[in-house]
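Some notes on the structure that comes next.
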Amino acid sequence: MHLRLILIPVFFTLLSACAELTDFHCGNINWYDFGYNAGLEGKSSLVITREAALCDGSATLPRADRALEGYNAGLRNYCTPRNAFSVGQRGEELSPACPSAELSLMRQPHLIGLRDHRLLQQIKDLEQDRDALETQRDSTEIDEDTRRQIRRDIRDIDGRIDRLEDRRLLLLMLVS
C-alpha cells in the first residue's frame with residue numbers, strides 16, 4: 001500500500017515531464033526543415049504524419065503543411081540520378097519514396113554506385129592483406145625464402161589493387 005502512495009506521484013511527475021519535453025520539442029521544430037531533411041534522406045512521408053501526431057496535443061500546433069512543402073523539396077533533391085549514384089556508393093538501397101518515373105532514371109546510376117562501393121571494399125581488404133604481409137616481411141624471425149615469397153605476394157596484391165582501381169576509373173567514366 002505504501003509503495004503505491006509513493007509510485008503514484010512519481011508516475012504523474014514523469015508524465016508531466018514528458019509533456020514538457022514534447023511541448024519544448026514541438027515548440028522548437030522548424031517544420032519546413034524537418035520535412036526537407038526527411039525528403040532529402042528518402043524517408044517516407046509517414047515520418048511527417050507521425051511527428052505531427054506527436055505534437056498534436058502540445059501547446060504548439062504542428063505545421064504538417066510546411067513539413068510537406070519541405071519534404072517535397074527534399075525529395076526532389078533525393079530523387080536524382082546523381083544522388084542515386086551517391087546512395088549506391090554508400091552501399092545503401094534506393095528509397096521507394098520517389099515517383100516511379102524518377103526511380104527508373106535512378107536505377108542505373110545506383111547500380112554503378114553499388115559496384116563502385118564493392119570495388120572500394122575489395123581494394124580496402126587487399127590493402128589490409130598487404131599491410132599484414134608487409135609486417136610479416138619486416139619480421140626478423142623469418143628466413144630469406146619466406147621473405148621473397150612474401151614480396152611476390154605483395155607484388156601480386158599490388159597488381160590486383162591496380163586492376164581494381166582501373167575498373168573503378170572505367171566505372172566512374174560511365175557516370176560522368
Side-chain angles (χ1 to χ4, degrees), residues 21-22 24-56 62-138 149-176:
L21 282 174
T22 301
F24 178 77
H25 168 74
C26 296
N28 288 308
I29 197 167
N30 180 321
W31 287 95
Y32 183 89
D33 288 348
F34 173 77
Y36 181 83
N37 290 327
L40 192 59
E41 294 171 9
K43 292 181 179 177
S44 165
S45 61
L46 290 176
V47 297
I48 295 169
T49 306
R50 278 182 251 154
E51 191 72 15
L54 174 72
C55 293
D56 204 23
R63 292 292 314 270
D65 58 331
R66 290 289 294 148
L68 283 173
E69 284 177 43
Y71 177 79
N72 290 327
L75 197 61
R76 279 191 299 276
N77 287 322
Y78 178 86
C79 298
T80 64
R82 180 177 276 316
N83 186 58
F85 174 73
S86 297
V87 169
Q89 276 188 311
R90 293 190 304 268
E92 299 170 2
E93 291 302 316
L94 284 175
S95 168
C98 299
S100 60
E102 279 88 354
L103 270 176
S104 65
L105 296 173
M106 295 168 67
R107 291 194 201 294
Q108 188 65 26
H110 180 253
L111 290 173
I112 294 170
L114 285 173
R115 182 68 182 136
D116 184 52
H117 176 76
R118 284 191 292 273
L119 288 171
L120 273 173
Q121 190 57 54
Q122 289 173 337
I123 290 169
K124 286 179 186 176
D125 292 345
L126 286 170
E127 287 172 341
Q128 287 178 342
D129 293 346
R130 181 185 60 205
D131 292 345
L133 285 172
E134 287 172 344
T135 301
Q136 275 185 314
R137 178 197 64 200
D138 297 340
Q149 180 59 47
I150 290 173
R151 282 192 212 109
R152 282 192 293 272
D153 291 345
I154 290 171
R155 281 193 302 274
D156 177 55
I157 287 174
D158 285 338
R160 291 168 59 195
I161 289 172
D162 287 343
R163 287 188 295 281
L164 288 171
E165 287 174 344
D166 289 344
R167 287 170 62 187
R168 255 195 95 221
L169 284 173
L170 290 171
L171 191 65
L172 294 176
M173 288 172 61
L174 293 174
V175 179
S176 302

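Summarising the local packing, CZ of R168 is surrounded by more than 12 heavy atoms from other residues, nucleotides or ligands at distances under 6.0 Å. Other residues, nucleotides and ligands place no more than 12 heavy atoms under 6.0 Å from the CZ atom of R82.
For the side-chain contact (heavy atoms from CB on, under 4.5 Å) criterion with H110, the lone passing option out of L103, L94, L105, N83 is L94.
For the atom pair CD1 of I48 and CZ of R63, the computed distance is 13.0 Å after rounding to the nearest 0.5 Å. For the atom pair CG of D33 and CZ of R66, the computed distance is 8.5 Å after rounding to the nearest 0.5 Å. Atom CE in M106 sits 5.0 Å away from atom SG in C79 (nearest 0.5 Å). In this structure, R115 CZ and L120 CG are separated by 11.0 Å, a value rounded to the nearest 0.5 Å. Put simply, CG on L171 and CG on L119 are 6.5 Å apart, with the number rounded to the nearest 0.5 Å. The distance from atom CD of E92 to atom OG of S86, rounded to the nearest 0.5 Å, is 10.0 Å.
Within the 4.5 Å cutoff, the side chain of N37 has no heavy atoms near those of the Y71 side chain. Inter-residue side-chain proximity for L68 and Y32 is flagged as unmet; no heavy-atom pair is nearer than 4.5 Å. In this structure, the side chains of E51 and W31 come closer than 4.5 Å at one or more pairs of heavy atoms. Residues R90 and H117 fail the side-chain proximity criterion, which asks for heavy atoms closer than 4.5 Å. Two residues are said to be in side-chain contact when any heavy atoms from C-beta on lie closer than 4.5 Å; E134 and I154 meet this criterion.
Between the side chains of N72 and Y36, no donor-acceptor pair is found at a separation under 3.5 Å.
Contact between Y78 and E93 at its shortest, heavy atoms only, is OH-O, 4.2 Å. Across all their heavy atoms, G42 and A97 have their closest contact at O-CB, 3.7 Å. When all heavy atoms are compared, the tightest approach of I150 to Q136 is CD1-CB, 3.8 Å. The two residues P81 and P109 come nearest to each other via the heavy atoms O-CB, 3.3 Å.
For E41, the salt bridge (charged side-chain N to carboxylate O under 4.0 Å, His left out) partners two or more places apart in sequence, or in a different chain, are K43. Listed by chain and number, the residues in a salt bridge (charged side-chain N to carboxylate O under 4.0 Å, His left out) with R167 amount to none (sequence neighbours excluded).
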Taking distance alone, no hydrogens or angles, what donor-acceptor pairs closer than 3.5 Å link side-chain atoms of residues 122-132 to residues at least two apart or in another chain?
residue, atom, partner, partner atom, Å
D125, OD1, Q121, NE2, 3.1
R130, NH1, D158, OD1, 2.8

